[in-house]
Protein chains: 2
Amino acid sequence: MARPREFDTKEAIASICDQFWSDGYEATGIADLESATGLARARLYSAFGSKQGMLYEAIDFYLESRINVIFSRVDDGGIAGVANFFRTFAQIVAEHPERAEMGCLVVNSMIEFGRSEPELVERADRYRERVRGAFRSALERDAAEGRLAGNVESLADLAYVMLMGLYVTVKGGAPLEEINRLCGIAIEVVESWQVEAR
Amino acid sequence: MARPREFDTKEAIASICDQFWSDGYEATGIADLESATGLARARLYSAFGSKQGMLYEAIDFYLESRINVIFSRVDDGGIAGVANFFRTFAQIVAEHPERAEMGCLVVNSMIEFGRSEPELVERADRYRERVRGAFRSALERDAAEGRLAGNVESLADLAYVMLMGLYVTVKGGAPLEEINRLCGIAIEVVESWQVEAR
DNA sequence: TATGTTGTTTACCAATCGGTAAAATTATGT
DNA sequence: ACATAATTTTACCGATTGGTAAACAACATA
C-alpha cells in the first residue's frame, strides 16, 4: 500500500545465485552483486537484509529452480537415465568447461562454511535429499520390474557419492581425460546394476 | 651468514597448514595466522612472502606429511586395507567430529579457488595422484594373486571418487547415521571386488 | 672491532569490506 | 488533493583486510 518495487525480486535472486555459484561466497563482494543485478547496494540490503540472507535466498532458488534443469533427464529414466546423467555430465565438462567449473552451488557453499551455519546445514540436507531422490525415483522403475541388482536406496546413495566426487574433481581443474575416465567408471558402475528381468 | 631465524619454519608451516585446513583460506586472516604460529605478521611475510605463498607451502606440507598419516593404513593392506580405510573414516567422523569437519585441505582449497590458480591446480593433480596411488598400491597385491575382480586402475579411481564424495558430505554437516550408511556402502563396494584366488 | 647481511619489532598504510542513515521520490488509500 | 508508507538514491561509516617501511638487533666475516 505504498510505493512498489521497481525490480523483480526473483530476477535479482537468479543473478545473485549465478554470481555466488561461479565465484563463491567470500570471493564475491557487494560490488559484484551490484553489477550482477544492476541494483545499488542499499536496494539489495532493503530487499534481502544481509549478504548471508542473499546467499540463503540464492540457495533456495537454486534448490527449487536451477537444480531441476540439472536433474531433468534423470527423474524417470531408469538405470539408463542415471547412466545418461553421467554421460551428460562428461559432455558438459568437455563442451562448456566454464559452466562445469562452477560445480554445484550447494557443494561449494557446504565446503566454504562447513557446519558452522545451521541455515546452510539444513539446506545441504535438502540438497542431498533432492539428489538422492532424483536417482531413487529413476531406479525405482527398473526395480519394480525386477531389472535392478541391489536395493534402490543404496544404489542411489552410491550414485550420489560418485557425483559429489566428480564435482570436486572437476572444480579442482583435473584434465579432461581424467574426468572422462572417472565418468566412464561411474557409468560402468551404474550399468552393472542392470539385470535381466525375471 | 647473518642473523639466524629464531623460529622453526617447518613448525610455522605446520601451524599455518592446520589453520587453513580448519577454517579455509579466505576465512582465515593474517591475525589468525599470527596467533596460530605465535609470530608477528612481518615475520610471516619475510619468511613466506604472501598469504598465497603461505597456502602453497601449507599444501606442500600437507601433501608430504599430513597425508601420510591419513593413508598410512591403506598402502599395503590389499582390498581389506582399502575397506578398513573407509571403516576408519566412519570411526573418525563418529569419535572426532571436529577433526572430520575439517575434511581435506586440498579438497577445500580446490573448491575455494577452482582452477583459477595454476599453482593450486598443479597441487590438486599431485593430490589426486597420491590418493589414487595409495589405493592402487593397496589393490595391486591382491591383483597379483588373482583375488581382484576388475582392474586396479579403475577400482582405485572408484575408491578415490567415493572418498571425495564422503569428504563433501561430512563437511556439509550430514547426520552421523547418513555418513555411516554411505561409508557402509563404500565398504560393500570395495569388498565386492574380492574374488576367490584361482 | 668494524661492516655487511639478515631477522625482528613496531608502527603504519591504502584499499576494501559489509552495512547504513537520511533525504528524495513515487505509488496508494482516503 | 493529501497524508501515508514504502522504495530509491546518495553519501557515508567504522572495521578489517592484506601488506609494508623503517628502525633496531644479532650473527658471520674480515
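Because only heavy atoms are used, hydrogens play no part in the values below, and waters and symmetry mates are left out as well, while side chains stay in. Every chain is numbered from 1 and lettered A, B, ... according to where its sequence line falls, protein lines coming before strand lines. Keep in mind the model is a prediction, meaning the values are calculated, not measured.
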> Using a 4.0 Å cut-off on heavy atoms, which residues in residues 8-26 of chain A reach DNA chain D? List them by number, or say none.
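Hits under 4.0 Å, by residue number: none.
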> Can you give each donor-acceptor pair under 3.5 Å made by side-chain atoms of residues 168-186 of chain B, sequence neighbours left out, with the distance rounded to 0.1 Å?
{"unit_1": "T169(B)", "atom_1": "OG1", "unit_2": "Y160(A)", "atom_2": "OH", "d": "2.7"}
{"unit_1": "T169(B)", "atom_1": "OG1", "unit_2": "G165(B)", "atom_2": "O", "d": "2.7"}
{"unit_1": "E178(B)", "atom_1": "OE1", "unit_2": "R128(A)", "atom_2": "NH2", "d": "3.4"}
{"unit_1": "E178(B)", "atom_1": "OE2", "unit_2": "R128(A)", "atom_2": "NE", "d": "2.7"}
{"unit_1": "E178(B)", "atom_1": "OE2", "unit_2": "R132(A)", "atom_2": "NH1", "d": "2.7"}
{"unit_1": "N180(B)", "atom_1": "ND2", "unit_2": "L176(B)", "atom_2": "O", "d": "3.4"}
{"unit_1": "R181(B)", "atom_1": "NE", "unit_2": "D157(A)", "atom_2": "OD2", "d": "2.7"}
{"unit_1": "R181(B)", "atom_1": "NH2", "unit_2": "D157(A)", "atom_2": "OD1", "d": "3.1"}
{"unit_1": "R181(B)", "atom_1": "NH2", "unit_2": "D157(A)", "atom_2": "OD2", "d": "3.0"}

> Nearest to the side chain of A2(B), which nucleotide is it out of dC27(D), dT8(C), dG18(C)?
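Looking only at heavy atoms from C-beta outward on A2(B), the closest nucleotide is dC27(D).
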> What distance do I79(A) atom CD1 and L155(A) atom CG have between them, rounded to the nearest 0.5 Å?
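CG of L155(A) is found 8.0 Å from CD1 of I79(A).
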> For the atom pair OG1 (T28(B)) and NZ (K51(B)), what is the distance rounded to the nearest 0.5 Å?
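Separation between the atoms: 4.5 Å.
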> Answer yes or no: is there a donor N or O on one side and an acceptor on the other, between the side chain of W193(B) and the main chain of N151(B), under 3.5 Å?
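Between the backbone of N151(B) and the side chain of W193(B) there is no qualifying donor-acceptor contact (under 3.5 Å).
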> Show me the pairs that pass ring-ring contact (aromatic ring centres under 6.0 Å, His included) and involve residues 31-56 of chain B, at least two apart or across chains.
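Checked against ring-ring contact (aromatic ring centres under 6.0 Å, His included) - neighbours excluded - no pair reaches residues 31-56 of chain B.
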> Five pairs at each end of the helix from dT1(C)-dA30(D) to dT30(C)-dA1(D): take the axis at both ends and give me the angle between them to 10°.
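The helix from dT1(C)-dA30(D) to dT30(C)-dA1(D) shows an end-to-end axis angle of 0°.
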> Can you list everything that forms a side-chain contact (heavy atoms from CB on, under 4.5 Å) with A83(B)? Sequence neighbours excluded, please.
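So A83(B) forms a side-chain contact (heavy atoms from CB on, under 4.5 Å) with R87(B), I187(B), V190(B), E191(B).
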> Sort and list the pairs that fulfil salt bridge (charged side-chain N to carboxylate O under 4.0 Å, His left out) and have at least one residue in residues 16-32 of chain B, not counting sequence neighbours.
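As it turns out, the salt bridge (charged side-chain N to carboxylate O under 4.0 Å, His left out) pairs with a partner in residues 16-32 of chain B, which skip direct neighbours, are D18(B)-R66(B).
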> According to side-chain contact (heavy atoms from CB on, under 4.5 Å), who are the partners of R126(B), at least two apart in sequence or on a separate chain?
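Residues passing side-chain contact (heavy atoms from CB on, under 4.5 Å) with R126(B): D60(B), L63(B), E122(B), R123(B).
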> Which residues in residues 42-54 of chain A have at least one heavy atom lying under 4.0 Å from any atom of DNA chain D?
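Contacting residues: A42(A), R43(A).
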> Name all residues meeting the ring-ring contact (aromatic ring centres under 6.0 Å, His included) criterion together with Y25(A); count only those two or more places apart in sequence or in a different chain, and write none if there are none.
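Only F20(A), F113(A) meet the ring-ring contact (aromatic ring centres under 6.0 Å, His included) criterion with Y25(A).
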> Taking only residues two or more places apart in sequence, or in another chain, which ones meet R141(B) in a side chain to side chain donor-acceptor pair (under 3.5 Å)?
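So R141(B) forms no side chain to side chain donor-acceptor pair (under 3.5 Å) with any residue.
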> Identify the pairs formed between an N or O of the protein and an N or O of nucleotides 12-14 of chain D at a distance under 3.5 Å, and give each distance.
none

> May I have the list of side-chain donor-acceptor pairs in residues 9-16 of chain A shorter than 3.5 Å, sequence neighbours left out?
{"unit_1": "S15(A)", "atom_1": "OG", "unit_2": "E11(A)", "atom_2": "O", "d": "3.2"}

> Ignoring hydrogens and angles, answer whether the base of dA25(D) and the side-chain atoms of R3(B) contain a donor-acceptor pair closer than 3.5 Å.
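Yes, a donor-acceptor pair under 3.5 Å.
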> Heavy-atom nearest nucleotide on DNA chain C for T28(A) versus F7(B): which residue maps closer to 5'?
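Its nucleotide being nearer the 5' end, the pick is F7(B).
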